[in-house]
**Student:** 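Got a structure for you, questions after.
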Amino acid sequence: MTDTALNALPAISVRSAGKIFSVARGAEVQALTGIDLTVAPGEFVSLIGPSGCGKSTLLRLIADLDSATSGEILVFGKTARQARLDQEYGIAFQSAGLLPWRSVQANIELPLELHGVGKAERAARAEELIELVGLSDFRTRYPDQLSGGMQQRVAIARSLAERPKLLLMDEPFGALDEMTRERMQQELVRICSETGAAVVFVTHSIPEAVFLSDRVVVMSPRPGRIVDIVSVNLGPGTERSDALRENAAFFAGVTAVREALHGSPVAPLGADLR
Amino acid sequence: MSLDPTAPALFSLPAEAEAQQQPSARAGEGGARGRSLARSVLPPLVLGVAFLLLWQLVVVVFDIKPYLLPSPTDIAGQIVVVLPLLWSSLLATGLNALIGLVVGSLLAIVLALLASRVTVFDRMIVPIVAALAVVPIVALAPILNTMFGSTSDTPRRVVVLIVVFAPVFINTLRGLRQVRPVHRDLMRAYAASNWQLTRTVTLPGAVPFIFTGLRIAAPLGVISAIVAEYFGGLQNGLGSRITSAAANSAYPRAWAYVFGAIILGLVFYGVTLLLERLASRRRA
(Lines give C-alpha, C1' and ligand atoms only; values in the text may rest on other atoms or scores of the structure.)
Protein backbone atom coordinates (compact mmCIF):
# COMPACT_ATOMS: atom_id res chain seq x y z
CA MET A 1 0.00 0.00 0.00
CA THR A 2 2.10 2.89 -1.23
CA ASP A 3 1.29 6.57 -1.01
CA THR A 4 0.99 6.93 -4.74
CA ALA A 5 -1.60 4.19 -4.89
CA LEU A 6 -3.55 5.92 -2.15
CA ASN A 7 -3.40 9.29 -3.77
CA ALA A 8 -4.96 7.93 -6.94
CA LEU A 9 -8.03 6.87 -4.95
CA PRO A 10 -10.42 9.05 -3.00
CA ALA A 11 -10.31 8.39 0.73
CA ILE A 12 -14.06 7.95 0.73
CA SER A 13 -16.48 7.57 -2.10
CA VAL A 14 -20.18 7.33 -1.27
CA ARG A 15 -22.58 6.78 -4.16
CA SER A 16 -26.36 7.08 -3.79
CA ALA A 17 -26.23 5.52 -0.35
CA GLY A 18 -29.39 5.11 1.69
CA LYS A 19 -30.19 3.69 5.09
CA ILE A 20 -33.53 2.48 6.33
CA PHE A 21 -33.94 1.50 9.96
CA SER A 22 -36.76 -0.85 10.74
CA VAL A 23 -38.37 0.10 14.02
CA ALA A 24 -41.12 -1.67 15.92
CA ARG A 25 -43.73 -3.77 14.04
CA GLY A 26 -42.51 -3.42 10.50
CA ALA A 27 -42.48 0.39 10.60
CA GLU A 28 -39.50 1.90 8.82
CA VAL A 29 -37.53 5.11 9.12
CA GLN A 30 -35.67 6.48 6.15
CA ALA A 31 -32.52 7.73 7.90
CA LEU A 32 -30.54 8.58 4.78
CA THR A 33 -31.37 8.85 1.13
CA GLY A 34 -29.39 9.49 -2.04
CA ILE A 35 -26.09 10.38 -0.38
CA ASP A 36 -23.25 11.20 -2.78
CA LEU A 37 -19.98 12.30 -1.28
CA THR A 38 -16.32 12.05 -2.18
CA VAL A 39 -13.55 12.87 0.25
CA ALA A 40 -10.04 13.36 -1.12
CA PRO A 41 -6.95 12.05 0.70
CA GLY A 42 -5.89 14.54 3.37
CA GLU A 43 -9.12 16.52 3.08
CA PHE A 44 -11.00 17.68 6.19
CA VAL A 45 -14.75 17.38 5.69
CA SER A 46 -17.38 18.21 8.30
CA LEU A 47 -20.93 16.88 8.34
CA ILE A 48 -23.33 19.37 9.86
CA GLY A 49 -27.07 19.49 10.30
CA PRO A 50 -29.84 19.42 12.88
CA SER A 51 -30.48 16.38 15.05
CA GLY A 52 -31.91 13.50 13.09
CA CYS A 53 -30.37 14.50 9.77
CA GLY A 54 -28.40 11.27 9.65
CA LYS A 55 -24.91 12.75 9.95
CA SER A 56 -23.86 10.24 12.60
CA THR A 57 -25.54 7.47 10.66
CA LEU A 58 -23.53 8.40 7.56
CA LEU A 59 -20.34 8.26 9.62
CA ARG A 60 -21.32 4.87 11.02
CA LEU A 61 -21.96 3.58 7.50
CA ILE A 62 -18.50 4.69 6.42
CA ALA A 63 -17.03 3.04 9.53
CA ASP A 64 -19.06 -0.12 8.81
CA LEU A 65 -20.60 0.03 12.27
CA ASP A 66 -23.92 -0.13 10.41
CA SER A 67 -24.44 -1.22 6.84
CA ALA A 68 -26.08 0.79 4.09
CA THR A 69 -29.45 -0.39 2.83
CA SER A 70 -28.70 0.81 -0.70
CA GLY A 71 -25.90 2.39 -2.68
CA GLU A 72 -22.17 1.90 -2.47
CA ILE A 73 -19.58 3.06 0.06
CA LEU A 74 -15.89 2.71 -0.76
CA VAL A 75 -13.04 3.57 1.56
CA PHE A 76 -9.72 3.78 -0.27
CA GLY A 77 -11.35 1.78 -3.04
CA LYS A 78 -12.43 -1.07 -0.76
CA THR A 79 -15.85 -1.85 0.58
CA ALA A 80 -16.52 -0.28 3.97
CA ARG A 81 -16.41 -3.73 5.54
CA GLN A 82 -13.07 -4.61 4.03
CA ALA A 83 -11.68 -1.20 5.01
CA ARG A 84 -12.73 -1.82 8.59
CA LEU A 85 -11.20 -5.27 8.63
CA ASP A 86 -8.00 -3.80 7.16
CA GLN A 87 -8.02 -1.03 9.78
CA GLU A 88 -7.98 1.77 7.23
CA TYR A 89 -9.44 4.32 9.62
CA GLY A 90 -9.15 5.60 13.16
CA ILE A 91 -12.29 6.58 15.03
CA ALA A 92 -13.34 8.80 17.94
CA PHE A 93 -16.80 9.20 19.44
CA GLN A 94 -18.63 11.87 21.42
CA SER A 95 -17.94 9.98 24.61
CA ALA A 96 -14.24 9.27 24.88
CA GLY A 97 -14.97 5.58 25.46
CA LEU A 98 -11.76 4.93 27.37
CA LEU A 99 -11.47 1.70 29.33
CA PRO A 100 -11.57 2.81 32.97
CA TRP A 101 -9.26 0.04 34.19
CA ARG A 102 -6.49 1.00 31.79
CA SER A 103 -4.02 3.83 32.25
CA VAL A 104 -3.74 6.60 29.66
CA GLN A 105 -0.85 4.79 28.03
CA ALA A 106 -2.59 1.39 28.02
CA ASN A 107 -5.70 2.97 26.52
CA ILE A 108 -3.71 4.47 23.68
CA GLU A 109 -1.97 1.14 23.13
CA LEU A 110 -5.28 -0.75 22.92
CA PRO A 111 -5.64 -0.89 19.11
CA LEU A 112 -1.95 -1.74 18.71
CA GLU A 113 -2.27 -4.49 21.28
CA LEU A 114 -5.35 -5.94 19.57
CA HIS A 115 -3.51 -6.03 16.28
CA GLY A 116 -0.46 -7.80 17.61
CA VAL A 117 2.08 -4.98 17.76
CA GLY A 118 5.01 -5.85 20.04
CA LYS A 119 5.32 -4.40 23.51
CA ALA A 120 8.33 -2.17 22.94
CA GLU A 121 6.95 -0.77 19.71
CA ARG A 122 3.60 -0.11 21.39
CA ALA A 123 5.21 1.79 24.21
CA ALA A 124 7.28 3.87 21.80
CA ARG A 125 4.24 4.78 19.69
CA ALA A 126 2.17 5.60 22.78
CA GLU A 127 4.96 7.86 24.00
CA GLU A 128 4.92 9.80 20.71
CA LEU A 129 1.15 10.19 20.80
CA ILE A 130 1.05 11.23 24.45
CA GLU A 131 3.57 13.90 23.55
CA LEU A 132 1.49 14.92 20.54
CA VAL A 133 -1.66 15.50 22.59
CA GLY A 134 0.27 17.09 25.45
CA LEU A 135 -0.41 14.59 28.22
CA SER A 136 3.18 13.64 29.09
CA ASP A 137 2.57 14.12 32.81
CA PHE A 138 -0.50 11.90 32.78
CA ARG A 139 0.77 8.74 31.15
CA THR A 140 0.14 6.52 34.17
CA ARG A 141 -3.12 8.15 35.18
CA TYR A 142 -6.50 6.48 34.87
CA PRO A 143 -9.43 7.97 32.94
CA ASP A 144 -11.39 8.98 36.02
CA GLN A 145 -8.44 11.10 37.11
CA LEU A 146 -8.66 13.16 33.92
CA SER A 147 -10.94 16.02 32.92
CA GLY A 148 -13.35 15.57 30.01
CA GLY A 149 -11.03 17.44 27.66
CA MET A 150 -8.06 15.29 28.64
CA GLN A 151 -10.07 12.12 28.18
CA GLN A 152 -11.04 13.26 24.72
CA ARG A 153 -7.40 13.96 23.91
CA VAL A 154 -6.55 10.41 24.95
CA ALA A 155 -9.33 9.16 22.66
CA ILE A 156 -7.90 11.19 19.77
CA ALA A 157 -4.40 9.88 20.45
CA ARG A 158 -5.84 6.37 20.44
CA SER A 159 -7.57 7.00 17.10
CA LEU A 160 -4.20 8.07 15.65
CA ALA A 161 -2.31 5.08 17.08
CA GLU A 162 -2.10 3.13 13.84
CA ARG A 163 -1.31 6.14 11.67
CA PRO A 164 -4.60 5.94 9.77
CA LYS A 165 -4.97 7.83 6.51
CA LEU A 166 -8.57 8.46 7.50
CA LEU A 167 -10.05 9.70 10.75
CA LEU A 168 -13.76 9.40 11.54
CA MET A 169 -14.94 11.64 14.36
CA ASP A 170 -18.46 11.74 15.73
CA GLU A 171 -18.89 14.99 17.69
CA PRO A 172 -15.73 14.36 19.69
CA PHE A 173 -15.93 17.80 21.31
CA GLY A 174 -19.70 17.79 21.77
CA ALA A 175 -19.56 17.44 25.55
CA LEU A 176 -16.77 19.98 26.16
CA ASP A 177 -17.07 23.56 27.30
CA GLU A 178 -16.50 26.32 24.75
CA MET A 179 -12.95 27.23 25.83
CA THR A 180 -11.69 23.67 25.94
CA ARG A 181 -13.47 23.07 22.68
CA GLU A 182 -11.69 25.87 20.82
CA ARG A 183 -8.34 24.71 22.14
CA MET A 184 -9.06 21.14 21.09
CA GLN A 185 -10.15 22.29 17.63
CA GLN A 186 -6.89 24.06 17.13
CA GLU A 187 -4.93 21.03 18.28
CA LEU A 188 -6.94 18.74 16.04
CA VAL A 189 -6.49 20.90 12.96
CA ARG A 190 -2.74 20.98 13.64
CA ILE A 191 -2.46 17.24 14.27
CA CYS A 192 -4.45 16.39 11.16
CA SER A 193 -2.45 18.58 8.85
CA GLU A 194 0.76 17.21 10.36
CA THR A 195 -0.29 13.61 9.84
CA GLY A 196 -1.92 14.24 6.46
CA ALA A 197 -4.98 12.20 7.33
CA ALA A 198 -8.34 12.76 5.71
CA VAL A 199 -11.05 13.51 8.28
CA VAL A 200 -14.80 13.16 8.38
CA PHE A 201 -16.00 15.19 11.33
CA VAL A 202 -19.58 15.19 12.56
CA THR A 203 -20.66 18.31 14.45
CA HIS A 204 -23.63 20.57 15.02
CA SER A 205 -21.58 23.67 15.64
CA ILE A 206 -21.28 25.98 12.64
CA PRO A 207 -18.11 27.81 13.80
CA GLU A 208 -16.48 24.50 14.62
CA ALA A 209 -17.22 23.09 11.18
CA VAL A 210 -15.94 26.22 9.44
CA PHE A 211 -12.81 26.53 11.54
CA LEU A 212 -11.75 22.93 10.97
CA SER A 213 -12.85 22.06 7.47
CA ASP A 214 -11.87 22.27 3.86
CA ARG A 215 -15.48 21.52 2.98
CA VAL A 216 -18.64 21.53 5.07
CA VAL A 217 -21.38 19.12 4.09
CA VAL A 218 -24.75 20.54 5.10
CA MET A 219 -27.45 17.96 5.77
CA SER A 220 -31.18 18.10 6.36
CA PRO A 221 -33.52 15.68 8.15
CA ARG A 222 -36.56 13.57 7.21
CA PRO A 223 -35.21 11.94 5.20
CA GLY A 224 -31.52 12.61 5.88
CA ARG A 225 -29.88 14.02 2.78
CA ILE A 226 -27.16 16.40 1.68
CA VAL A 227 -28.54 19.84 0.82
CA ASP A 228 -25.30 21.68 0.10
CA ILE A 229 -21.55 21.40 0.27
CA VAL A 230 -19.79 24.63 1.26
CA SER A 231 -16.08 25.04 0.46
CA VAL A 232 -14.16 26.92 3.11
CA ASN A 233 -10.96 28.55 1.95
CA LEU A 234 -9.09 29.40 5.10
CA GLY A 235 -5.74 27.92 4.11
CA PRO A 236 -3.95 24.84 5.38
CA GLY A 237 -4.62 23.57 8.89
CA THR A 238 -1.16 24.45 10.15
CA GLU A 239 -1.95 28.11 9.64
CA ARG A 240 -5.32 28.06 11.34
CA SER A 241 -5.04 29.75 14.71
CA ASP A 242 -7.30 31.59 17.10
CA ALA A 243 -6.81 34.80 15.12
CA LEU A 244 -8.71 33.17 12.31
CA ARG A 245 -11.86 33.15 14.41
CA GLU A 246 -12.06 36.93 14.04
CA ASN A 247 -11.20 36.98 10.38
CA ALA A 248 -13.66 38.12 7.70
CA ALA A 249 -13.15 34.96 5.65
CA PHE A 250 -14.13 32.91 8.71
CA PHE A 251 -17.32 34.98 9.14
CA ALA A 252 -18.09 34.57 5.48
CA GLY A 253 -17.76 30.80 5.86
CA VAL A 254 -20.01 30.81 8.91
CA THR A 255 -22.61 32.83 7.04
CA ALA A 256 -22.47 30.57 4.01
CA VAL A 257 -22.95 27.45 6.12
CA ARG A 258 -25.73 29.05 8.11
CA GLU A 259 -27.58 30.08 4.98
CA ALA A 260 -27.22 26.60 3.58
CA LEU A 261 -28.61 25.18 6.82
CA HIS A 262 -31.58 27.52 6.93
CA GLY A 263 -32.15 27.53 3.21
CA SER A 264 -32.23 31.37 2.99
CA PRO A 265 -30.09 34.42 3.78
CA VAL A 266 -30.09 35.23 7.48
CA ALA A 267 -29.10 38.18 9.67
CA PRO A 268 -26.36 40.43 8.29
CA LEU A 269 -22.76 39.65 8.99
CA GLY A 270 -21.66 40.19 12.57
CA ALA A 271 -25.11 40.46 14.04
CA ASP A 272 -25.13 37.11 15.76
CA LEU A 273 -22.43 34.60 15.40
CA ARG A 274 -23.46 31.95 17.87
CA MET B 1 -18.27 13.62 30.13
CA SER B 2 -21.03 11.15 30.59
CA LEU B 3 -20.67 9.19 33.76
CA ASP B 4 -21.36 5.54 33.29
CA PRO B 5 -24.72 5.05 34.99
CA THR B 6 -24.16 1.33 35.17
CA ALA B 7 -20.95 1.51 37.17
CA PRO B 8 -21.46 -0.41 40.36
CA ALA B 9 -21.76 1.69 43.45
CA LEU B 10 -18.86 -0.21 44.98
CA PHE B 11 -16.56 2.24 43.35
CA SER B 12 -16.56 5.91 44.03
CA LEU B 13 -17.82 7.74 41.01
CA PRO B 14 -15.18 9.67 39.13
CA ALA B 15 -15.18 13.28 40.18
CA GLU B 16 -15.72 15.81 37.42
CA ALA B 17 -12.89 17.94 38.70
CA GLU B 18 -9.92 18.95 36.58
CA ALA B 19 -7.37 16.15 36.83
CA GLN B 20 -5.35 15.32 39.89
CA GLN B 21 -7.80 15.32 42.79
CA GLN B 22 -6.09 12.73 44.89
CA PRO B 23 -2.32 12.69 45.02
CA SER B 24 -2.76 8.89 45.18
CA ALA B 25 -2.76 6.92 48.39
CA ARG B 26 0.81 5.85 47.83
CA ALA B 27 2.19 9.20 48.93
CA GLY B 28 2.53 10.01 52.58
CA GLU B 29 2.40 6.42 53.85
CA GLY B 30 3.57 5.53 57.33
CA GLY B 31 1.83 7.54 59.98
CA ALA B 32 -1.24 8.25 57.90
CA ARG B 33 -1.78 4.59 57.14
CA GLY B 34 -1.28 3.62 60.80
CA ARG B 35 -3.76 6.24 61.88
CA SER B 36 -6.41 5.18 59.38
CA LEU B 37 -5.90 1.55 60.39
CA ALA B 38 -6.38 2.51 64.02
CA ARG B 39 -9.49 4.43 63.09
CA SER B 40 -11.04 1.48 61.27
CA VAL B 41 -9.96 -1.27 63.67
CA LEU B 42 -10.26 0.42 67.05
CA PRO B 43 -14.03 1.14 67.23
CA PRO B 44 -15.20 -2.44 66.51
CA LEU B 45 -12.49 -3.75 68.87
CA VAL B 46 -13.66 -1.50 71.68
CA LEU B 47 -17.26 -2.47 71.03
CA GLY B 48 -16.36 -6.17 71.01
CA VAL B 49 -14.49 -5.97 74.31
CA ALA B 50 -17.33 -4.00 75.90
CA PHE B 51 -19.79 -6.61 74.67
CA LEU B 52 -17.74 -9.48 76.17
CA LEU B 53 -17.48 -7.66 79.49
CA LEU B 54 -21.21 -7.11 79.58
CA TRP B 55 -21.81 -10.76 78.72
CA GLN B 56 -19.51 -11.92 81.51
CA LEU B 57 -21.20 -9.54 83.92
CA VAL B 58 -24.69 -10.72 83.02
CA VAL B 59 -23.76 -14.41 83.37
CA VAL B 60 -22.12 -13.86 86.76
CA VAL B 61 -24.65 -11.44 88.24
CA PHE B 62 -27.76 -13.41 87.24
CA ASP B 63 -26.03 -16.76 87.81
CA ILE B 64 -27.02 -18.09 84.35
CA LYS B 65 -26.46 -21.83 83.94
CA PRO B 66 -23.81 -22.89 81.36
CA TYR B 67 -26.35 -24.91 79.32
CA LEU B 68 -28.28 -21.69 78.76
CA LEU B 69 -25.35 -19.36 78.22
CA PRO B 70 -21.77 -20.06 79.23
CA SER B 71 -19.62 -17.10 80.22
CA PRO B 72 -16.86 -15.81 77.90
CA THR B 73 -14.20 -16.96 80.37
CA ASP B 74 -15.63 -20.52 80.34
CA ILE B 75 -15.60 -20.49 76.56
CA ALA B 76 -12.06 -19.09 76.46
CA GLY B 77 -10.95 -21.83 78.86
CA GLN B 78 -12.45 -24.46 76.56
CA ILE B 79 -10.81 -22.89 73.53
CA VAL B 80 -7.42 -23.35 75.21
CA VAL B 81 -8.25 -26.94 76.16
CA VAL B 82 -9.44 -28.05 72.71
CA LEU B 83 -7.11 -25.82 70.73
CA PRO B 84 -5.34 -28.59 68.75
CA LEU B 85 -8.65 -30.22 67.87
CA LEU B 86 -10.24 -26.84 67.15
CA TRP B 87 -7.39 -26.04 64.79
CA SER B 88 -7.62 -29.33 62.89
CA SER B 89 -11.43 -29.07 62.63
CA LEU B 90 -11.11 -25.52 61.41
CA LEU B 91 -8.69 -26.65 58.71
CA ALA B 92 -10.92 -29.55 57.67
CA THR B 93 -14.04 -27.40 57.36
CA GLY B 94 -12.02 -24.56 55.85
CA LEU B 95 -10.63 -26.83 53.15
CA ASN B 96 -14.12 -28.08 52.25
CA ALA B 97 -15.40 -24.52 52.07
CA LEU B 98 -12.41 -23.38 50.03
CA ILE B 99 -12.63 -26.18 47.48
CA GLY B 100 -16.38 -25.73 47.11
CA LEU B 101 -16.00 -21.96 46.82
CA VAL B 102 -13.22 -22.04 44.24
CA VAL B 103 -14.75 -24.76 42.06
CA GLY B 104 -18.26 -23.31 42.35
CA SER B 105 -17.11 -19.77 41.54
CA LEU B 106 -14.99 -20.82 38.57
CA LEU B 107 -17.88 -22.87 37.23
CA ALA B 108 -20.24 -19.92 37.76
CA ILE B 109 -17.91 -17.48 35.98
CA VAL B 110 -17.32 -19.79 33.01
CA LEU B 111 -21.02 -20.57 32.62
CA ALA B 112 -21.91 -16.88 32.96
CA LEU B 113 -19.44 -16.10 30.17
CA LEU B 114 -21.09 -18.75 28.05
CA ALA B 115 -24.57 -17.47 28.89
CA SER B 116 -23.58 -13.91 28.01
CA ARG B 117 -22.44 -15.06 24.57
CA VAL B 118 -24.89 -17.78 23.59
CA THR B 119 -28.52 -16.74 23.82
CA VAL B 120 -29.90 -20.28 23.67
CA PHE B 121 -27.67 -21.35 26.51
CA ASP B 122 -28.71 -18.27 28.46
CA ARG B 123 -32.37 -19.28 28.20
CA MET B 124 -31.54 -22.82 29.24
CA ILE B 125 -29.40 -22.06 32.25
CA VAL B 126 -31.19 -19.18 33.96
CA PRO B 127 -34.13 -21.31 35.22
CA ILE B 128 -31.66 -23.96 36.37
CA VAL B 129 -29.73 -21.37 38.35
CA ALA B 130 -32.96 -20.13 39.89
CA ALA B 131 -33.71 -23.71 40.93
CA LEU B 132 -30.19 -24.14 42.33
CA ALA B 133 -30.54 -20.94 44.32
CA VAL B 134 -33.53 -22.29 46.22
CA VAL B 135 -32.27 -25.85 46.80
CA PRO B 136 -32.60 -26.52 50.55
CA ILE B 137 -29.14 -27.75 51.61
CA VAL B 138 -30.77 -29.25 54.68
CA ALA B 139 -32.49 -31.71 52.37
CA LEU B 140 -29.61 -32.08 49.99
CA ALA B 141 -26.83 -32.92 52.47
CA PRO B 142 -28.22 -36.30 53.63
CA ILE B 143 -28.92 -37.30 50.04
CA LEU B 144 -25.38 -36.44 48.98
CA ASN B 145 -24.02 -38.34 51.98
CA THR B 146 -25.77 -41.43 50.73
CA MET B 147 -24.64 -40.75 47.19
CA PHE B 148 -20.93 -40.29 47.89
CA GLY B 149 -20.63 -42.40 51.01
CA SER B 150 -20.28 -41.10 54.56
CA THR B 151 -16.49 -41.43 54.71
CA SER B 152 -15.95 -38.78 52.08
CA ASP B 153 -15.59 -34.99 52.21
CA THR B 154 -17.13 -34.75 48.75
CA PRO B 155 -20.77 -34.31 49.84
CA ARG B 156 -19.83 -31.23 51.88
CA ARG B 157 -17.83 -29.75 49.04
CA VAL B 158 -20.70 -30.32 46.65
CA VAL B 159 -23.07 -28.59 49.06
CA VAL B 160 -20.76 -25.56 49.21
CA LEU B 161 -20.42 -25.58 45.44
CA ILE B 162 -24.18 -25.51 44.95
CA VAL B 163 -24.74 -22.77 47.49
CA VAL B 164 -21.92 -20.61 46.13
CA PHE B 165 -22.82 -21.01 42.48
CA ALA B 166 -25.94 -18.87 42.25
CA PRO B 167 -24.70 -15.57 43.75
CA VAL B 168 -21.50 -15.65 41.72
CA PHE B 169 -23.27 -16.63 38.50
CA ILE B 170 -26.00 -14.02 38.77
CA ASN B 171 -23.63 -11.17 39.63
CA THR B 172 -21.09 -12.14 36.97
CA LEU B 173 -23.72 -12.37 34.26
CA ARG B 174 -25.04 -8.97 35.24
CA GLY B 175 -21.53 -7.56 35.03
CA LEU B 176 -20.92 -9.12 31.65
CA ARG B 177 -24.05 -7.44 30.31
CA GLN B 178 -22.83 -3.97 31.25
CA VAL B 179 -20.75 -3.35 28.13
CA ARG B 180 -21.22 0.23 26.99
CA PRO B 181 -22.31 0.70 23.36
CA VAL B 182 -19.32 2.98 22.71
CA HIS B 183 -16.94 0.18 23.73
CA ARG B 184 -18.81 -2.27 21.55
CA ASP B 185 -18.55 0.13 18.57
CA LEU B 186 -14.90 0.72 19.28
CA MET B 187 -14.05 -2.97 19.35
CA ARG B 188 -16.01 -3.50 16.14
CA ALA B 189 -14.10 -0.66 14.52
CA TYR B 190 -10.89 -2.43 15.57
CA ALA B 191 -12.23 -5.62 13.99
CA ALA B 192 -11.60 -7.32 17.31
CA SER B 193 -12.51 -10.99 17.69
CA ASN B 194 -15.13 -12.15 20.16
CA TRP B 195 -12.43 -13.45 22.44
CA GLN B 196 -10.58 -10.12 22.31
CA LEU B 197 -13.81 -8.31 23.20
CA THR B 198 -14.30 -10.62 26.16
CA ARG B 199 -10.72 -10.38 27.33
CA THR B 200 -10.19 -6.64 26.99
CA VAL B 201 -13.64 -5.18 27.62
CA THR B 202 -16.34 -7.50 28.91
CA LEU B 203 -14.49 -9.48 31.53
CA PRO B 204 -12.50 -6.62 33.10
CA GLY B 205 -15.74 -4.62 33.22
CA ALA B 206 -17.42 -7.44 35.09
CA VAL B 207 -14.70 -7.78 37.75
CA PRO B 208 -16.41 -5.57 40.37
CA PHE B 209 -19.61 -7.55 39.90
CA ILE B 210 -17.77 -10.85 40.24
CA PHE B 211 -16.35 -9.66 43.54
CA THR B 212 -19.76 -8.59 44.77
CA GLY B 213 -20.88 -12.16 44.12
CA LEU B 214 -17.81 -13.60 45.82
CA ARG B 215 -18.31 -11.43 48.87
CA ILE B 216 -21.78 -12.85 49.31
CA ALA B 217 -20.65 -16.37 48.43
CA ALA B 218 -17.58 -16.67 50.69
CA PRO B 219 -19.25 -16.53 54.14
CA LEU B 220 -22.20 -18.45 52.73
CA GLY B 221 -19.79 -21.19 51.68
CA VAL B 222 -18.36 -21.46 55.18
CA ILE B 223 -21.82 -21.66 56.75
CA SER B 224 -22.87 -24.35 54.27
CA ALA B 225 -19.73 -26.37 54.91
CA ILE B 226 -20.52 -26.35 58.64
CA VAL B 227 -24.22 -27.07 58.27
CA ALA B 228 -23.50 -29.92 55.86
CA GLU B 229 -21.60 -31.63 58.67
CA TYR B 230 -24.72 -31.81 60.83
CA PHE B 231 -26.05 -34.66 58.73
CA GLY B 232 -23.59 -37.38 59.58
CA GLY B 233 -20.56 -38.51 57.68
CA LEU B 234 -16.98 -37.76 58.72
CA GLN B 235 -16.57 -36.34 62.24
CA ASN B 236 -13.61 -34.11 61.43
CA GLY B 237 -15.02 -30.62 61.04
CA LEU B 238 -16.39 -27.75 63.12
CA GLY B 239 -20.00 -28.68 62.47
CA SER B 240 -19.58 -32.24 63.71
CA ARG B 241 -17.67 -31.02 66.79
CA ILE B 242 -20.42 -28.55 67.64
CA THR B 243 -23.13 -31.21 67.39
CA SER B 244 -21.20 -33.80 69.39
CA ALA B 245 -20.24 -31.29 72.12
CA ALA B 246 -23.86 -30.19 72.38
CA ALA B 247 -25.03 -33.82 72.45
CA ASN B 248 -22.69 -34.38 75.43
CA SER B 249 -24.03 -31.27 77.17
CA ALA B 250 -20.54 -29.73 76.92
CA TYR B 251 -21.95 -26.31 76.09
CA PRO B 252 -18.84 -24.18 76.67
CA ARG B 253 -16.98 -26.57 74.33
CA ALA B 254 -19.74 -26.23 71.70
CA TRP B 255 -19.35 -22.49 72.01
CA ALA B 256 -15.60 -22.77 71.58
CA TYR B 257 -16.18 -24.43 68.22
CA VAL B 258 -18.75 -21.79 67.30
CA PHE B 259 -16.03 -19.26 67.99
CA GLY B 260 -13.81 -21.19 65.54
CA ALA B 261 -16.60 -21.05 62.97
CA ILE B 262 -16.86 -17.28 63.34
CA ILE B 263 -13.11 -16.91 62.85
CA LEU B 264 -13.24 -19.09 59.74
CA GLY B 265 -16.11 -17.07 58.25
CA LEU B 266 -14.28 -13.82 58.93
CA VAL B 267 -11.09 -15.13 57.32
CA PHE B 268 -13.00 -16.06 54.16
CA TYR B 269 -14.74 -12.71 54.04
CA GLY B 270 -11.50 -10.84 54.74
CA VAL B 271 -9.53 -12.63 52.06
CA THR B 272 -12.25 -11.94 49.47
CA LEU B 273 -12.22 -8.30 50.47
CA LEU B 274 -8.44 -8.19 50.17
CA LEU B 275 -8.53 -9.77 46.71
CA GLU B 276 -11.11 -7.23 45.66
CA ARG B 277 -8.91 -4.38 46.86
CA LEU B 278 -5.96 -5.78 44.94
CA ALA B 279 -8.02 -6.19 41.78
CA SER B 280 -9.51 -2.72 41.95
CA ARG B 281 -6.40 -0.83 42.97
CA ARG B 282 -5.35 -0.58 39.36
CA ARG B 283 -8.56 1.23 38.58
CA ALA B 284 -7.32 4.29 40.39
Side-chain angles (χ1 to χ4, degrees), chain A residues 56 59-60 62-66 81-104 106-107 109-116 135 137-138 140-152 155 158-159 161-162 164 168 170 174-176 180, chain B residues 1-8 10-27 175 178-211 276-284:
Chain A
S56 287
L59 190 90
R60 291 178 64 86
I62 296 167
D64 189 42
L65 296 177
D66 282 317
R81 182 181 148 73
Q82 194 56 48
R84 173 175 66 84
L85 295 178
D86 293 350
Q87 295 297 298
E88 295 286 1
Y89 67 81
I91 194 161
F93 302 96
Q94 173 166 7
S95 105
L98 305 178
L99 298 176
W101 50 86
R102 283 176 166 244
S103 66
V104 165
N107 262 294
E109 286 182 13
L110 176 68
L112 300 168
E113 192 182 314
L114 291 173
H115 302 129
L135 288 176
D137 297 337
F138 298 89
T140 57
R141 293 297 177 84
Y142 287 82
D144 64 358
Q145 295 173 306
L146 303 179
S147 67
M150 287 169 160
Q151 290 189 15
Q152 207 49 261
R158 181 179 60 186
S159 70
E162 300 184 280
L168 304 176
D170 191 356
L176 304 182
T180 314
Chain B
M1 290 316 305
S2 60
L3 292 178
D4 183 353
T6 62
L10 292 172
F11 289 91
S12 53
L13 287 173
E16 281 260 42
E18 178 81 24
Q20 67 265 74
Q21 323 97 321
Q22 293 157 358
S24 97
R26 260 143 291 185
Q178 304 289 320
V179 182
R180 291 173 57 197
V182 63
H183 289 153
R184 210 175 276 284
D185 282 347
L186 194 68
M187 294 306 272
R188 181 173 159 86
Y190 291 148
S193 67
N194 264 332
W195 169 238
Q196 284 178 322
L197 176 69
T198 303
R199 193 166 50 81
T200 52
V201 176
T202 322
L203 206 51
V207 164
F209 291 84
I210 295 175
F211 274 107
E276 182 174 4
R277 286 271 164 81
L278 286 177
S280 62
R281 193 165 56 177
R282 301 190 331 162
R283 295 154 188 257

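Numbered from 1 within each chain, the chains take letters A, B, ... in sequence-line order.
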**Student:** Heavy atom to heavy atom, less than 4.5 Å: which residues from residues 186-195 of chain B reach chain A?
**Tutor:**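 The list, in residue order, reads B:Leu186, B:Met187, B:Arg188, B:Ala189, B:Tyr190, B:Ala191, B:Ala192.
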**Student:** How many angstroms lie between CZ in A:Phe93 and CZ in B:Arg180, if you round to the nearest 0.5 Å?
**Tutor:** 11.0 Å
**Student:** Give, for atom OG1 of B:Thr200 and atom CZ of A:Arg102, the distance between the pair rounded to the nearest 0.5 Å.
**Tutor:** 6.5 Å
**Student:** Let me confirm one number: the CD-CD distance from A:Glu113 to B:Gln196, rounded to the nearest 0.5 Å.
**Tutor:**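 One finds 9.0 Å between CD of A:Glu113 and CD of B:Gln196.
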**Student:** Holding to side chain to side chain donor-acceptor pair (under 3.5 Å), I want the full list of residues that pass it with B:Thr202, two or more places apart in sequence or in another chain.
**Tutor:** none
**Student:** Mark yes when over 12 heavy atoms from residues, nucleotides or ligands other than A:Arg81 sit less than 6.0 Å from its CZ; otherwise mark no.
**Tutor:** no
**Student:** Would you name the heavy atoms of B:His183 and A:Pro100 that are closest together and state the gap between them?
**Tutor:**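 Closest heavy-atom pair between B:His183 and A:Pro100: CE1-CD, 4.3 Å.
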**Student:** Which bit of A:Leu98 comes within less than 4.5 Å of chain B, counting heavy atoms only: side chain, backbone, both or neither?
**Tutor:**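 Looking at A:Leu98, just its backbone touches chain B.
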